[in-house]
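Some notes on the structure that comes next.
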Amino acid sequence: MPSADTSPRTLYDKVFDDHVVFTDGQSTTLYIDRHLVHEVTSPQAFEGLRNANRTVRRPDCTLATVDHNVPTSSRKTYKNVSTFVEEEDSRLQCVTLEDNIKAFNLTYFGLGDDRQGIVHVIGPEQGFTLPGTTVVCGDSHTSTHGAFGALAFGIGTSEVEHVLATQTIITKKSKNMKIQIDGPLGPGVTSKDAVLHAIGMIGTAGGTGCVIEFCGSTVRSWSMEARMSVCNMSIEGGARAGMIAPDEITFEYLKNRPLAPKADSPEWEAAVKYWKSLRTDEGAQFDIEVYIDSRDIAPTVSWGTSPQDVVAITGKVPDPKDYEDETKRAGIERALEYMGLQPNTPMEEIMVDKVFIGSCTNSRIEDLRAAAKIVEGKKVASNIKRAMVVPGSGLIKKKAEAEGLDQIFSDAGFEWREAGCSMCLGMNPDILSPKERCASTSNRNFEGRQGAGGRTHLMSPVMAAAAAVTGHLADIRKLEGFEGAFTVVAVTDKAQVSVGTDHETDESTDEYDDKTLDIPVGENLHPQDDGTTPSGAAAGFPPFTTLKGIVAPLNRSNVDTDAIIPKQYLKTIKRTGLGVALFDQWRYQPNTDHEENPDFVLNQEPYRAAKIMVVTGPNFGCGSSREHAPWALLDFGIKCIIAPSFADIFFNNTFKNGMLPIAIDDAAVIARIAELAADKQEIEVDLVKQEIRTASGEVISTFEVEEFRKHCLVNGLDDIGLTMQHEDRILRYENKRSTLYPWLEGVGYMAKYRKEPVKVEAVRVPRAGRSGQLDW
Ligand SMILES: CC(C)[C@H](C(=O)O)[C@@H](O)C(=O)O
Ligand code: SF4
């Protein structure tokens, strides 16, 4: 029996440890409590299930909605998605989701349902998201749910399929990072400003490989809505997830939510007892620590094409001349050209064309209340072509209407829309025209994000409201009467009860059960190392052993997945045929039908036939979780990417498609490979020996790869089949889960899935254990 290790643990360690089904010490199979599904990243996953004759393992833990593609126009005449969604490809994705929901018998909020909305808004709103749970979704902003002390992260479509089939995911433990913010925020400064400020400090790759815990007195004082905005954007700081320890504010928010345990029932009491144990122990170690003094945070806006390109509203557009580093200077020049900005322009002088208040970052009731206070009695400036408010869910819309917010916005000249992702990424008709400039409460300002050639400035809801009424980026603090407006900003949907502190120990959590569940550690996750496909495993991909070919060089940093494949290509329900879409904005002339830009490397010989790509800058594949990015690369013919570093979700997604991403942090090695690439020479990647060689066989470098991933690639294995070989362990975990955390079994309108009455007296808080050594 493993002995209990009582060394201090972080919040992340605790939630991770409590979900280990089994581990080989490197790769861990983690149980997933909550799975959210939307129309863009699920069609291929359901197709995979169908092809392999698989079912959804836990329909009671799965919740689906349509959000990305849906029109935000009035639904007064709504009958069904087939007649309501005008664009053919968007309609196909919505209809396909509805077909899949019926076929697999899942809970679904469609367009005729008030509960429909952005997936990251409705999960918390329904109480589907609970403290201490693992939450996944085929969407990078799943990090939002970490505001509840859940371990919540975005996954790719292959992983969506894995979770649907097995209710688990194969993952690696991340590092612990802490961002502590202390002190009161100044007037006009919100949690959105805090997170933009933090990303400006750490950069979009700052949190790569980490789970961030946000803590400190500033964080503790925030409402759940404010916390969600911050965790939402942890992905923009490169982190796998963001988390905030649950406290009385969390519990109060969850009371009486339809899918949370019934308030004040024995089950609720048991849940709260467990939730209170979910805080970082005194003395726990973080790998990276960042401290922010709240006084340093001003209302913050972005100036460039990456969420790290931020500045205080009182600041100026940066001048590339001030940067010695050549790559950095070139990056700023490119961003300023795209954004149509002159160096040293005061931010407050930048005129705006459109205003968007919405997205999973800032479309909740508190955001709308705050923005409404700013625009009340004022008019949208005459140069603003369109200002829109898009509530995050039908229920938020209703609530706002009951409070008269819709009227305030409409009187001021805003459009009051229906719920959806809308202009955050413009998969529906809400888009910017080329060169239009938008003050936006969303989370990404990538090139073309809100429409081809569109220019996005990220900011808080009150700052967007201020931009709307002044017609330019404006300092909210200079707006007449703004202080009165600010009294509402920190008011959450429910009354705040008490404000705790971090790292607090709670005596009521000392009661442990001595029963121990032995979780096998150090066992091989892939028992058949002879290269044969184990029974039950569907044959996956052609095996990857060695790959020899031309290398295409790409001299860029922070290449986001919107750049690898823009949103217009995400409307497919297939995995194939996306090669044509690869690097669309760089590869083709603007506003043409795929007329090639001769300057782009993949339009030149011999790179049209490249099998490998070398990227000289770090953080390749950041941003969205779209698996369409590796699908496009693969369809083009590129099977291996070598770069200094990768964003986590993209890195996972490539492996799931039989591709090999190689991270090499030795700049000299990257430079050598880039030189060979520029010389049009072939190289050879040998996965078996973990070597990169020149065409003549000289070893350029060795590389690291996780054992389990290597095994799957070399043998072309589908890891769903491998996981299902361990079904007994999953079952065992599930049995324990229903005893220890009965509130996670189908509740509320999911009660139809409950097999037997809940035995709350059995509930015990699991004892502190290490990953793979759970003591119950
Ligand atoms: C469509 C989806 C894959 C994507 C994401 O993962 O983030 C989207 O929500 C986005 O914001 O770009
Ligand atoms: S970031 Fe935008 S597109 Fe992505 S889930 Fe949130 S609202 Fe939707």
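Along the sequence shown, residues carry numbers from 1. Computed from heavy atoms alone, side chains included, the values below leave out hydrogens, waters and symmetry copies. When a ligand or atom number is given, it counts from 1 through the structure's own listing order.
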**Request:** For T41, counting its heavy atoms only, list the atoms of ligand 1 lying under 4.0 Å from any of them.
**Result:** 3 (C)
**Message:** For a quick check under 3.5 Å, do R444 and S140 share a side-chain donor-acceptor pair by atom type?
**Reply:** yes
**Request:** Would you mind checking which non-hydrogen protein atom is closest to atom 11 (O) of ligand 1, with the distance to 0.1 Å?
**Result:** R449 NH2, 2.7 Å
**Prompt:** N/O to N/O below 3.5 Å, does that happen between R626 and ligand 1?
**Reply:** yes
**Message:** I want to check something: taking the side chain as every heavy atom from C-beta on, are F109 and I101 in contact at a cut-off of under 4.5 Å?
**Reply:** no
**Prompt:** Which residue from D139, N69, L425 reaches closest to atom 2 (C) of ligand 1 through any of its heavy atoms?
**Reply:** D139
**Prompt:** Does R449 reach ligand 2, in the sense of a heavy atom lying below 4.0 Å from it?
**Reply:** yes
**Closest approach of any protein heavy atom to atom 7 (O) of ligand 1, naming residue and atom** = S140 OG, 2.5 Å
**Message:** Can you confirm whether the side chains of Y12 and E213 place a donor and an acceptor under 3.5 Å from each other?
**Reply:** no
**Request:** Decide whether T142 and D139 meet the rule of one side-chain donor and one side-chain acceptor closer than 3.5 Å.
**Result:** no
**Item:** Numbered atoms of ligand 2 (with element) below 4.0 Å of H68, judged on heavy atoms
**Value:** 3 (S), 4 (Fe), 5 (S), 8 (Fe)
**Asked** Can you check whether K354's main-chain N or O pairs, donor with acceptor, with R386's side chain at less than 3.5 Å?
**Response** no
**Asked** Leaving waters out, which protein N, O or S atoms fall under 2.8 Å from atom 6 (Fe) of ligand 2?
**Response** C360 SG
**Prompt:** What protein heavy atom is closest to atom 4 (C) of ligand 1, reported as residue, atom name and distance in Å?
**Reply:** S624 OG, 3.3 Å
**Fill in**
Residues at least two apart in sequence or cross-chain that pass side chain to side chain donor-acceptor pair (under 3.5 Å) with H457, listed by chain then number, are R437
**Prompt:** Side chains of N558 and T204: is there a donor and an acceptor less than 3.5 Å apart?
**Reply:** yes
**Message:** Counting only heavy atoms, tell me which of R444, H68, M427 gets closest to atom 1 (C) of ligand 1.
**Reply:** H68
**Message:** Looking only at the side chains, is there a donor atom on one of T129 and H145 sitting less than 3.5 Å from an acceptor on the other?
**Reply:** yes
**Request:** Answer yes or no: does atom CD of E86 have more than 12 heavy-atom neighbours from other residues, nucleotides or ligands under 6.0 Å?
**Result:** no
**Message:** Side chains of T72 and D430: any donor to acceptor distance under 3.5 Å?
**Reply:** yes
